[in-house]
Amino acid sequence: MKDKTAPSSSNFIKSIIDNDCNAETFKERRWRGKPGTLSEQQNANIDSAKIRTRFPPEPNGYLHIGHAKSICLNFGLAKEYGGVCHLRFDDTNPSTEESEYVDSIRDSVKWLGFDWGSHEYFSSDYFDQLYKFAVSLITAGFAYVDSLNAEEMREYRGTLTDPGKNSPFRTRSTEENLALFQEMRDGKHTDGIHVLRLKIDMASPNINLRDPVAYRIKHAAHHRTGHAWPIYPSYDFTHGISDALENISHSICTLEFEDHRPLYDWLNQQLFELGFLQEPLPQQIEFARLNLSHVVLSKRKLIQLVKEKHVDGWDDPRMPTLVGARRRGYPAQGLHLFTDRIGVSKADSWIDYSILEDCMRETLNESSLRKVAVLNPIKLIIENFEIDHTEICHAPNHPQKKELGSRDVTLSRELWIEREDFSEDPPKGYFRLFVGNTVRLRYGYVVKCTGFETDERGLVKTVFCECFSDSKSGTDGADNYKVKGNIHWVDAHTSIKADVILYDRLFSAEHPGKDGDFINDLNPKSKTIIEVQVESSTAEAKTGDCFQFERHGYFTADPSSTAQNLVFNRTVTLRDRWKK
RNA sequence: UGGGGAGUAGCCAAGUUGGUUAAGGCACUGGAUUUUGAUUCCAGCAUGCGAAGGUUCGAAUCCUUCCUCCCCAGCCA
């Protein structure tokens, strides 16, 4: 068994943190136990957290596997370095954000096994502070109220190759700016009439530095602050400041924010020089977001799948959301393994979906109890058993973990076996049941196939065999029989019916949407419901229980499952080198 | 065409203050074990680091030129 607790290999972010730790960069930070400005922090004790990271979701959608990479990274780093990771809801846009999402995000992060303790924050916690900073920036000449409309602003911004030009409102007096900003804050203007912009450089080759918007007017109810604010700060204005107030040492985000880093640094630097923030300032570090084949991870597309009912909701087991993965039976540990395995870098790479599935197999193999289920049953009749013959066989609950014990399963004359474990016309290399061949009924006897019967359509209905009475598993005679084939079965009388939902990837295309609408790439066979026969002990399964149905794969009891009507989701199949 | 990034095996990814035979994982291929065609174990797997030049005793690491891919012109994040 490989050591899965070994520390993950080095990456460029760890190198940065190592350097910072060696240089004792963050040694002098003060922390009063909660976020605050320089004046609020400076008399507090030294921050005991070696580093501080944060996971900053916007509460406007459900978390997905891509977020899991970021969550594991941020919380994992904090843990590894003796630091703390904050959970911060980045809620600066009330028109798209809802508390429904806040709850779900909290649940998903917890489910992944992380604990942010008391460090749950909201960007909206800082609205007052942010506003004060904005006023100070106006006073210092670093911000102004612009009254260009959206279209004019776009024109003035220039293009990728042409510099922008200054807005005619750029030279407004401090007094006028202050007065207008106050009016904006007081709700005296309608949406879009004015914005507050940072005064940086309209000719910068970096478009983000061409006087970015810091505040916009938005008469919308916020999920936490209600109608208290008619203006809301932008991401760029909010994020770096929030990081600084929270003493974040390493602000890890995705590659598309690289161009924003000069702005991030500029803003915090101004506020530091104005005496509002303590040094050292947080540093933004960017990594490549996860790209997974056969999957879409954009919020817009995920929402579309739900709204247009291509799936049965956010927690549909085919969804790449964390709630979906959980219902599918993907263990949180499997996601940890996955993020360790794919690594972290700045190279834009695609991970094949099979890597994820392998991680699930690997962790599920360790943890899942074994059960027997016949997914596509046909009858097997042991002809040399009496009609009412019944006996007990012992099946281990885990082949590598004897300590997990075994269970009793009933064997009688009539069994259900898998349709594909019998062949009328066996292909080369087939070593299951065919007339004349010998196989072992797993945990039971070795039998020899003597014949079969078909129904009116010519489909095999019943297979007949003869049992070698001295071959029972666990008895001395068992070893005298060497057979290659080993098939599973359930007793026809004591086994129970269950529903199994077979899931396959949601999209058949490797890169959904690459050749047109991603909806066209939906896999029509991504969900199949079948009725199966499971061994009687499975009746006790509770929601979330994971089993290996031997020779098939891993399955988990769906929330809709009851003792009267068992429902299992197929999490992932077993590897199968024979499958044609 | 401006700016910002990235190119190391089929796929990820270490290494980048120049120094002996270019980590590791996944996949793959052999072999062993196996009452899951599963698991596990062992072995193999880049004369090569996007390309071409150059500097050097020595280059994935330094210099030059070039090529490919990704991101940026929301009052989204």
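Within every chain, numbering begins at 1; the chains are lettered A, B, ... in the order of the sequence lines, protein sequences first and strands thereafter.
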Requested in this report: Output yes when a side-chain donor or acceptor of A:K69 lies under 3.5 Å from a complementary backbone atom of A:A288, and no otherwise.
Outcome: yes
**Report entry** Side-chain heavy-atom pair A:T92, A:E58 within 4.5 angstrom cut-off
**Finding:** no
Query raised in the report: Quick one: are A:T556 and A:F568 in side-chain contact, heavy atoms under 4.5 Å?
Result: no
Query raised in the report: A:R551 CZ to B:U34 C1': how many Å, rounded?
Result: 14 Å
Restricting both atoms to N or O, compile the protein contacts to nucleotides 1-3 of chain B shorter than 3.5 Å, with distance only.
{"unit_1": "B:G2", "atom_1": "N9", "unit_2": "A:L160", "atom_2": "O", "d": "3.3"}
{"unit_1": "B:G2", "atom_1": "N3", "unit_2": "A:L160", "atom_2": "O", "d": "3.0"}
{"unit_1": "B:G3", "atom_1": "N2", "unit_2": "A:D259", "atom_2": "OD1", "d": "3.4"}
{"unit_1": "B:G3", "atom_1": "N2", "unit_2": "A:D259", "atom_2": "OD2", "d": "2.7"}

**Report entry** Sugar-phosphate only, base, or nothing, as touched by A:I342 at under 4.0 Å among non-hydrogen atoms
**Finding:** sugar-phosphate
**Report entry** More than 12 heavy atoms of other groups within 6.0 Å of A:H219 NE2
**Finding:** yes
Query - Gap between atoms OH and P, on A:Y101 and B:A77 respectively (whole Å) - result: 16 Å
Query raised in the report: Which nucleotide sits closest to the side chain of A:A347: B:A13, B:C76, B:U36?
Result: B:A13
Query raised in the report: NA contact type, A:G429, heavy-atom cut-off 4.0 Å: base, sugar-phosphate, or nothing?
Result: base
Requested in this report: Measure from the side chain of A:K346, starting at C-beta and using heavy atoms only, and say which of B:C75, B:A6, B:A14 lies closest.
Outcome: B:A6
Requested in this report: Test for a donor-acceptor pair under 3.5 Å between the base of B:U40 and the side chain of A:Q400, counting only N and O atoms.
Outcome: no
Query - Among B:G25, B:A38, B:C71, the nucleotide that comes nearest once only the side chain of A:R341 is considered - result: B:G25
Requested in this report: Please work out if A:R440 contacts a base, only the sugar-phosphate, or nothing of the nucleic acid, heavy-atom cut-off 4.0 Å.
Outcome: base
Report task. Using a 4.5 Å cut-off on heavy atoms from C-beta on, say whether the side chain of A:V374 contacts that of A:R419. Result -> no
Query raised in the report: Under the side chain to side chain donor-acceptor pair (under 3.5 Å) criterion, do A:H86 and A:E246 qualify, and how do the steps go?
Result: CA-CA 8 Å; A:H86 300 181; A:E246 290 181 23; 2.7 Å; yes
Query raised in the report: A:H260 near the nucleic acid: base, sugar-phosphate alone, or nothing, with a heavy-atom cut-off under 4.0 Å?
Result: base
